[in-house]
Amino acid sequence: MNIQQRLKIWSAFFLQVCIVLLSFTAAQAQKKSKYVCDEERPENRCSAANTCGSASSPCTIDITRSADSANVKPDIPDARNNQFFCIKAGTTVVWKSSNKNNGFTVSFGSDSPFDPDSPIMGGGKKQVTTKAATPGCYKYDVGAFRSGTVYGMSGGSKPELVILP
């Protein structure tokens, strides 16, 4: 009888420890942000596969409009819309839209990592050339619109990019 009581006590104790560990793990998983820029060292996510352009070739970024959002796509093989990507400082960046009648705006808020340091506004007939200048991780706002339409503005998107030193 004494052994059964001890076994029950130890089983209950072990079960409580497991519950505490599981709740702690769940709490940590909920704290993780969906943004790469919120991670401790986002530049560690950069690789040859997601770095756009180089010192000798420009990075071309295509901004298009879908039914309900703006899409940003760097000229990286197998790139997806609004994916995280990297650019080395000093790289020339060409912002364009492959949609002929679309315009776009790109805003980094008060501190743009590009030179010139202002919102980027262009369209299907107007490419905008900038230079990556300030290293860091950036979230930015992108909007795309179709000229001549009443409800032409798409929903914005909040992609991210890293400017590497």
Side-chain angles (χ1 to χ4, degrees), residues 26-165:
Q28 292 296 0
Q30 288 176 352
K31 288 182 182 180
K32 188 172 182 178
S33 173
K34 67 178 183 174
Y35 292 108
V36 174
C37 288
D38 292 339
E39 293 178 6
E40 191 170 323
R41 299 193 46 83
E43 64 275 8
N44 289 344
R45 302 257 323 248
C46 295
S47 67
N50 69 351
T51 299
C52 184
S54 67
S56 60
S57 67
C59 172
T60 303
I61 301 172
D62 188 19
I63 300 172
T64 56
R65 180 183 182 272
S66 68
D68 59 353
S69 67
N71 295 311
V72 177
K73 192 173 191 179
D75 65 349
I76 300 170
D78 301 322
R80 295 178 329 273
N81 287 331
N82 301 324
Q83 79 175 45
F84 166 79
F85 65 99
C86 305
I87 303 171
K88 290 183 182 173
T91 301
T92 299
V93 180
V94 178
W95 303 83
K96 69 175 193 131
S97 180
S98 58
N99 299 127
K100 292 182 181 180
N101 294 323
N102 276 1
F104 62 84
T105 59
V106 181
S107 176
F108 288 87
S110 60
D111 262 349
S112 173
F114 294 96
D115 190 23
D117 182 11
S118 60
I120 300 164
M121 295 181 279
K125 294 182 180 179
K126 182 186 177 213
Q127 294 183 353
V128 179
T129 302
T130 60
K131 188 170 285 280
T134 310
C137 192
Y138 299 91
K139 295 178 196 174
Y140 55 103
D141 292 307
V142 178
F145 51 91
R146 187 165 291 131
S147 62
T149 60
V150 176
Y151 299 105
M153 189 69 171
S154 70
S157 59
K158 281 201 162 298
E160 300 172 280
L161 64 84
V162 166
I163 306 292
L164 297 167

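Values in this document were obtained by computation on a predicted structure and should not be read as measured data.
- At a threshold of 4.5 Å between non-hydrogen side-chain atoms, the residues Ile120 and Thr105 do not count as touching.
- None of Asp75, Val36, Ile61 except one satisfies the side chain to side chain contact (heavy atoms under 4.5 Å, CB included) rule with Phe85; the exception is Ile61.
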Donor-acceptor pairs under 3.5 angstrom involving side-chain atoms of residues 52-60: please list them, not counting sequence neighbours.
| residue | atom | partner | partner atom | Å |
| --- | --- | --- | --- | --- |
| Ser54 | OG | Ser56 | N | 3.3 |
| Ser54 | OG | Ser56 | OG | 3.3 |
| Ser54 | OG | Ser57 | N | 3.2 |
| Ser54 | OG | Ser57 | OG | 3.1 |

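- Within a 6.0 Å sphere centred on CG of Asp78, heavy atoms belonging to other residues, nucleotides or ligands number 12 at most.
- Using modelled atom types, one side-chain atom of Ser97 and one backbone atom of Ile63 make a donor-acceptor pair closer than 3.5 Å.
- In this structure, a donor-acceptor pair under 3.5 Å is present between the side chains of Asp62 and Ser98.
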CA sep, side-chain torsions, deciding dist, call: Leu164, Glu43, side-chain contact (heavy atoms from CB on, under 4.5 Å): CA-CA 7 Å; Leu164 297 167; Glu43 64 275 8; 4.0 Å; yes

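- Proximity of Val106 to Trp95: side-chain heavy atoms (C-beta onward) are separated by under 4.5 Å at one or more points.
- Side chain of Asp117 to backbone of Ser112: a donor-acceptor contact under 3.5 angstrom is found.
- Within the structure, disulfide bond (SG atoms under 2.5 Å apart) contacts touching residues 76-141 (residues at least two apart or in different chains) are Cys37-Cys137, Cys46-Cys86.
- Taking all atoms of both residues into account, the shortest heavy-atom contact from Pro74 to Ala79 is O-CB, 3.4 Å.
- Residues Phe84 and Asn50 have side chains in contact (heavy-atom distance under 4.5 Å, counting atoms from C-beta outward).
- Two residues are said to be in side-chain contact when any heavy atoms from C-beta on lie closer than 4.5 Å; Asn71 and Asn82 meet this criterion.
- With Asn102 contributing its side chain and Asn99 its backbone, the two residues share no donor-acceptor pair below 3.5 Å.
- In this structure, Lys139 satisfies the cation-pi test against Tyr35, with its NZ or CZ atom closer than 6.0 Å to the six-membered ring centre and inside 45 degrees of the ring normal.
- Between Ala133 and Ala89, the closest heavy-atom pair is O-CB, 4.1 Å.
- Side-chain contact between Glu39 and Arg45 is present, with heavy atoms from C-beta onward closer than 4.5 Å.
- Counting heavy atoms from C-beta on, the side chains of Lys100 and Lys125 never come closer than 4.5 Å.
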Verdict with reasoning, Phe114 to Phe108, per ring-ring contact (aromatic ring centres under 6.0 Å, His included): CA-CA 9 Å; Phe114 294 96; Phe108 288 87; 5.4 Å; yes

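- Formation of a donor-acceptor pair under 3.5 Å by the Lys88 side chain with backbone atoms of Ala132 is not found in this model.
- The disulfide bond (SG atoms under 2.5 Å apart) analysis of residues 89-133, with sequence neighbours excluded, yields no pairs.
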